[in-house]
Amino acid sequence: MDTAGNFKTSSIELDLDRPNIEDYLPSGSSIQEPRGKLRLRDLLDISPTLTEAAGAIVDDSFTRCFKSNPPEPWNWNVYLFPLWCCGVVIRYGILFPVRVLVLTIGWIIFLSSYIPVHFLLKGHDKLRKKVERCLVELICMFFVASWTGVVKYHGPRPSIRPKQVFVSNHTSMIDFIILEQMTAFAVIMQKHPGWVGLLQSTILESVGCIWFNRAEAKDREIVAKKLRDHVQEADNNPLLIFPEGTCVNNHYTVMFKKGAFELDSTVCPIAIKYNKIFVDAFWNSRKQSFTKHLLQLMTSWAVVCDVWYLEPQNLRPGETPIEFAERVRDIISVRAGLKKVPWDGYLKYSRPSPKHRERKQQSFAESVLRCLEEK
């Protein structure tokens, strides 16, 4: 009996020590807060910001501009796999060695002609430039032949005239080679390392090409002056600019830089569209060297593309260079069947600027202040 009594007394003490949860719950009257009272969860409501962030992740049109979309595999059954194996043997065992031989012969012919012309005709600049221009077109033809390039050109071939500039969408460095085999353009291009950089500083410089380093802010002013001087000379090769400033995957066009549209010159748009039936011509320079990119092209069946030389455009009265650039981008995008996106291609190489972050922070602060004012 004593034991039972003690147990009952201990249970009562435990019940007294145990907190009563109902004492901590708000009563029915206290749940309904007075209108106009600011609650903490209202102040910290970031659902619009989260919605915008989630939408950016789901619909990331910027990253999609620089992604290569591999074709769907077709060698998935016992009937097609042997055909695919035969194709690999033909491409790597027959076509690739032949293409290497073609490119080697092209370089032998080019160098054996270019070196004597470059050094022996120094006193005859006009003749030397004309011969060098033809030789550069020739080596570009050998490059296109080494991919079994099937290129269809539409429209009149560009002519050499003063105060005109050609602009094109940009998928790979082979854009320049494909256009150069028809007309010896002087191109503005990012300075590259390795054997490509050697060609830039020697052979391509002879046709008036202009190089820059996007990491150097001073280069912009120097390049802008060179562009203005180049387009004024009637004897210079036509100037070719890729105003996107980076390679895009031939499904989209990013914002055009306005530099090409501030030269007080006629702008001649060029649209390039690649057919991915045999190979994706997009070059992602951050993941693949240009040498590997060329090997990928030379081991494919063929490079197929269309090039359109479109109607020249001039700056309209009251039109700004930015609006002019957008109008030309519209023309190129429509002709090549590309989707326009409102992105700066240089964001591919850099982090978002502090100004962009400050604008987002300011927008969030304004939404909080708006919430305070409503309460």
Side-chain angles (χ1 to χ4, degrees), residues 114 117 125-141 143-144 149 151-191 199-212 222-245 256-273 305-315 321 324-325 327-329 331-332 335-336:
Y114 179 87
V117 168
D125 290 344
K126 191 171 184 179
L127 177 61
R128 178 175 58 85
K129 287 182 179 180
K130 184 177 181 180
V131 175
E132 287 178 347
R133 184 185 302 142
C134 294
L135 290 174
V136 170
E137 292 178 3
L138 177 66
I139 189 61
C140 288
M141 290 180 185
F143 265 106
V144 175
V151 186
K152 189 174 183 180
Y153 297 91
H154 310 264
R157 181 172 174 172
S159 58
I160 299 178
R161 297 177 183 174
K163 301 196 70 174
Q164 70 174 3
V165 57
F166 292 81
V167 298
S168 172
N169 58 303
H170 197 24
T171 305
S172 168
M173 200 187 300
I174 70 169
D175 299 339
F176 165 71
I177 299 174
I178 288 173
L179 296 176
E180 196 79 3
Q181 75 163 346
M182 291 293 291
T183 303
F185 287 104
V187 69
I188 173 172
M189 188 184 297
Q190 163 74 19
K191 183 69 175 178
L199 294 181
Q200 287 179 320
S201 58
T202 54
I203 297 170
L204 294 180
E205 204 154 281
S206 65
V207 293
C209 295
I210 302 171
W211 318 116
F212 69 93
I222 298 173
V223 168
K225 185 178 183 306
K226 287 183 178 180
L227 293 179
R228 287 192 293 268
D229 294 341
H230 186 97
V231 297
Q232 300 299 327
E233 295 292 334
D235 295 333
N236 287 340
N237 292 332
L239 183 63
L240 173 64
I241 299 177
F242 298 107
E244 290 174 299
F256 280 11
K257 301 295 181 183
K258 65 177 182 177
F261 305 89
E262 295 179 319
L263 301 176
D264 191 25
S265 302
T266 300
V267 175
C268 305
I270 301 176
I272 304 176
K273 180 63 177 179
C305 78
D306 287 90
V307 177
W308 290 273
Y309 297 108
L310 304 175
E311 184 179 353
Q313 303 292 321
N314 290 285
L315 187 68
F324 186 21
R327 179 162 60 86
V328 173
R329 183 161 77 113
I331 295 172
I332 293 175
R335 177 64 272 184

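Throughout, numbering of the chain's residues begins at 1 and tracks the sequence.
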Q) Are Asn314 and Val267 close enough that some pair of their side-chain heavy atoms sits under 4.5 Å apart? A) no

Run the side-chain donor-acceptor check on residues 164-171: report pairs under 3.5 Å with partners two or more places apart or on a different chain.
unit_1: Gln164; atom_1: NE2; unit_2: Ser159; atom_2: O; d: 2.6
unit_1: Ser168; atom_1: OG; unit_2: Ile270; atom_2: O; d: 3.3
unit_1: Asn169; atom_1: OD1; unit_2: Ile272; atom_2: N; d: 2.9
unit_1: Asn169; atom_1: ND2; unit_2: Ile272; atom_2: O; d: 2.8
unit_1: His170; atom_1: ND1; unit_2: Ser172; atom_2: O; d: 3.4
unit_1: His170; atom_1: ND1; unit_2: Asp175; atom_2: OD2; d: 2.9
unit_1: Thr171; atom_1: OG1; unit_2: Asn250; atom_2: ND2; d: 3.0

Q: For the residue pair Trp308 and Asp306, establish whether any side-chain heavy-atom pair is separated by less than 4.5 Å.
A: yes

Q. Got a second to check how far Lys273's NZ is from Arg335's CZ, nearest 0.5 Å?
A. 11.5 Å

Q.
By the definition side chain to side chain contact (heavy atoms under 4.5 Å, CB included), identify the one residue from Ile241, Leu227, Asp229 that meets it with Ile210.
A. Leu227

Q: Kindly give the heavy-atom pair with the smallest separation between Phe185 and Leu179, and that separation in Å.
A: CE1-O, 3.8 Å

**Q.** Side chain to side chain, Leu315 and Phe261, heavy atoms closer than 4.5 Å
**A.** no

Q.
Does any part of the side chain of Gln181, heavy atoms only, come nearer than 4.5 Å to the side chain of Tyr153, both counted from C-beta?
A. yes

Q.
Once rounded to the nearest 0.5 Å, what's the spacing between atom CZ of Phe324 and atom NZ of Lys258?
A. 14.5 Å

Q: Determine whether Cys209 and Ile188 make a side-chain contact, defined as any pair of heavy atoms from C-beta on separated by less than 4.5 Å.
A: no

Q: Find the distance between CD (Glu262) and CZ (Arg228) and round it off to the nearest 0.5 Å.
A: 8.5 Å

Q. Rounded to the nearest 0.5 Å, what separation is found between the CD atom of Glu244 and the CZ atom of Phe256?
A. 5.0 Å

Q | Check: Thr183 and Arg157 side chains under 4.5 Å, non-hydrogen atoms | A | yes

**Q.** By side chain to side chain contact (heavy atoms under 4.5 Å, CB included) - contacts of Arg128 (at least two apart)
**A.** Val117, His118, Leu121, Asp125, Glu132

Q.
Using side-chain heavy atoms (C-beta onward) and a distance below 4.5 Å, is Lys163 in contact with Thr266?
A. no

Q) What is the distance from atom CD1 of Ile174 to atom SG of Cys305, rounded to the nearest 0.5 Å? A) 7.0 Å

Q: Provide the closest heavy-atom pair for Pro312 versus Pro269 in the form atom of the first, atom of the second, distance.
A: CA-CD, 4.3 Å

**Q.** Contact check, side chains of Met182 and Glu137, non-hydrogen atoms, under 4.5 Å
**A.** no

Q: With rounding to the nearest 0.5 Å, note down the distance linking CG in Asn237 to NE2 in His230.
A: 6.0 Å

